[in-house]
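See structure below.
Per chain, numbering begins at 1; letters A, B, ... match sequence-line order.
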Amino acid sequence: MFDIRAIRKEPEFFDKAWARRGLEPRTSEILKIDEKKRRVQTLLQELQAKRNEESKKIGIIKKDGGDAMAQMEAVAAIKGQVAELEEKDRKLGEQLKNILSSLPNLLSVDVPDGTDEGDNKELYKWGDIKSLNGPDHVEIGEDIGGIDFEMAAKMSGARFTILIGAIARLERALSQFFIDIHTRDHGYIEVSPPLLVRDNALYGTSQLPKFAEDQFSTRETDHYLIPTAEVPLTNMVAGQIVDHDSLPRRYCAHTPCFRSEAGSAGRDTRGMLRQHQFYKVEMVSITTPEKSEEEHEHMLNCAETVLKKLELPFRTVILCSGDTGFGATKTYDIEVWLPGQETYREISSVSNCKDFQARRMNARTRVKGAKDTRYVHTLNGSGVAVGRALIAVIENYYDPIDGGIIVPEVLKPYMGGIEKIIRT
RNA sequence: GGAGAGAUGGCAGAGUGGUUGAAUGCACCGGUCUUGAAAACCGGCAUGGGUGCAAGCCCAUCCAGGGUUCGAAUCCCUGUCUCUCCGCCA
């Protein structure tokens, strides 16, 4: 969502910014509606002022015991006009809001230009790739008897997985490990949020109105299943004026995520890379405009840290203009090495939304005692995707000698003595 | 799920159709007094928007959306949330 006054001031700036995302100029259309709306509004307000003034006279006449009939009829005459203008004003406002809320965030200046993920820029690599190629998690998991896709398909259809035994435990261990590191070392507060939210929450984080078809919803209560914990965590400050001294606020949560994956038919159909349901540990930071870029780097570092501790090789990329998400000004992706695919795959996405979401959800901050408020900056990042981390552990810690999976050192405390997962 | 009560400024809390954008208290800001502070006293203090060079003027907002009325914080309908009681339940 954008400040209409900022668009009035420098329309070319906005058109240029949207052009970087491959969009046509929109400001002339927006300003035309805005101008029309203000004309209507001025007219309406003048009429309302007149109505109010004349109405007050009725009260005075009646108080003095006079006959107000004539005066009442005079005011009644204004009524129809007011209603008409109100309707016009409302419609124009709606039109304006629809356009403004469907336009993506402005990109940061250091985002590279490009059309799709092929143009993302690698920033650096970390870790030694020990296994260049090998069996993928499907093969390893099914062989061990810890992953069952068929059984899941029977009860839930495609894009669901059942984990069994030590593999299920390994998934839980990963979640626990991530949360523990972020709360202990990175300043995040653990939150257990609702998994079902109302449309206004999704509007706030900008999944709605544009991406409704990507969400699951409930039939009888009109709830949406969260596509990521970014939604409830960020909405914790919706409608609030948070004390400047309490920033940054750092929240993290371990939740299931639900995605309909509309539009990705045929992509990543093998294995559990792209599911309708997966666990993710999410980090959200609420901060000030001055500190958000610094916080962005901090958050990226938090996500990278857990991969380093797991000794999983990864590379970090900055998304190009065409690949950066709707609400983000800048996004870093961390891609983990998957020997089964012989490639790096996204395991974390860390974005700075600046005031884009804050405007939508009216989340502001105020210095103690000060009069004016400012919008907060919001950031979110996976820390990291648990399902994909599980794939990465399975494939990178595969032992070709016996077909087992070695439990990474840092996960051992969570595995109850299991050091290697083998066929049962 | 059933029955009832409620939602007013940063907070507490008045206000049931007419100069009420809203009493009062607390908090906050400025001033007088004081060596300084406290107390006391005086004054200020909601938000969003339109218009204007500006001072200002105007409009909207008493949970949200509709309605009744010349006029709504106040009356009616719907929704949301909170509380109380009953039922059910991990």
Side-chain angles (χ1 to χ4, degrees), chain A residues 1-9 30-101 192-204 208-209 217-224 231-232 235-247 256 355 358-376:
Chain A
M1 183 63 88
F2 299 102
D3 183 0
I4 184 72
R5 280 172 301 187
I7 297 178
R8 267 179 225 154
K9 226 169 160 183
I30 290 167
L31 291 181
K32 219 188 265 168
I33 298 170
D34 174 53
E35 222 170 276
K36 207 165 158 193
K37 176 170 158 56
R38 279 189 296 162
R39 245 193 343 259
V40 168
Q41 200 173 336
T42 304
L43 234 68
L44 170 66
Q45 291 184 354
E46 277 167 5
L47 211 59
Q48 283 170 325
K50 194 172 159 197
R51 182 200 62 194
N52 290 347
E53 197 189 325
E54 297 299 317
S55 243
K56 270 179 190 167
K57 285 183 191 163
I58 296 173
I60 294 166
I61 293 171
K62 284 200 165 175
K63 206 174 230 171
D64 296 343
D67 178 14
M69 252 340 259
Q71 184 68 16
M72 278 164 71
E73 272 166 28
V75 181
I78 305 174
K79 207 183 159 186
Q81 281 181 72
V82 170
E84 200 179 300
L85 284 171
E86 270 176 346
E87 179 63 13
K88 259 190 199 162
D89 181 55
R90 196 189 57 76
K91 272 205 176 130
L92 288 167
E94 207 171 273
Q95 240 180 71
L96 206 54
K97 198 187 167 192
N98 283 345
I99 296 175
L100 289 177
S101 63
S192 177
L195 308 180
L196 273 64
V197 297
R198 272 210 258 272
D199 56 357
N200 61 300
L202 280 160
Y203 177 82
L208 288 181
S217 58
T218 63
R219 212 187 315 249
E220 42 283 289
T221 61
D222 277 331
H223 283 99
Y224 287 90
V231 176
N235 271 280
M236 282 171 71
V237 293
Q240 301 230 346
I241 299 173
V242 298
D243 183 3
H244 181 270
D245 293 338
S246 74
L247 300 175
D355 64 356
R359 284 181 185 281
R360 291 174 159 247
M361 62 175 88
N362 196 24
R364 292 168 295 169
T365 178
R366 172 161 49 202
V367 177
K368 218 179 173 77
K371 203 173 139 58
D372 57 321
T373 58
R374 294 184 300 164
Y375 290 110
V376 296

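- Heavy atoms of Arg8(A) sit under 4.0 angstrom from primed sugar atoms or phosphate atoms, though from no base atom.
- Comparing C59(B), C70(B), U47(B) by their closest approach to the side chain of Asn52(A) singles out C59(B).
- Taking 4.0 Å as the cut-off between side-chain N and carboxylate O, Asp243(A) and Arg366(A) do not count as a salt-bridged pair.
- Annotation: U35(B) and C42(B) have their C1' atoms spaced 23 Å apart (nearest Å).
- For G49(B), the OP1/OP2 oxygens have a side-chain nitrogen or oxygen of Arg5(A) closer than 4.0 Å.
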With salt bridge (charged side-chain N to carboxylate O under 4.0 Å, His left out) as the criterion, how do Glu94(A) and Arg90(A) come out once you've worked through the C-alpha distance, each side chain's angles and the decisive distance to 0.1 Å?
CA-CA 6 Å; Glu94(A) 207 171 273; Arg90(A) 196 189 57 76; 3.0 Å; yes
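- If you check U19(B), U51(B), C59(B) against the side chain of Thr42(A), the one that comes closest is U51(B).
- Distances from the side chain of Arg51(A) to the nucleotides A60(B), C58(B), G66(B) place A60(B) closest.
- Of the candidates G49(B), U80(B), C70(B), the closest approach to any side-chain atom of Gln45(A) belongs to G49(B).
- For the C1' atom pair drawn from G18(B) and G13(B), the interatomic distance equals 24 Å after rounding to whole Å.
- Distance from the side chain of Arg38(A) is smallest for U51(B) among the nucleotides C70(B), U51(B), U19(B).
- Both tests do not hold together for Arg359(A) against Phe2(A): distance to the six-membered ring centre under 6.0 Å, angle to the ring axis within 45°.
- Here the nucleotide nearest the side chain of Ser55(A), chosen from A60(B), G50(B), G71(B), is G71(B).
- The listed nucleotides are U51(B), G66(B), C70(B); the one nearest the side chain of Arg90(A) is G66(B).
- Regarding Glu46(A), its CD atom lies at a distance of 13 Å from the P atom of C58(B), rounded to whole Å.
- Side chain of Arg198(A), nearest nucleotide from C70(B), G49(B), U80(B): U80(B).
- For the pair Glu54(A) and Gln71(A), the minimum side-chain heavy-atom distance is below 4.5 Å.
- U80(B) atom C1' lies 12 Å from atom CG of Asp199(A), rounded to whole Å.
- Heavy-atom distances to RNA chain B give each of Lys50(A) and Gly59(A) a nearest nucleotide, and the one nearer the 5′ end belongs to Gly59(A).
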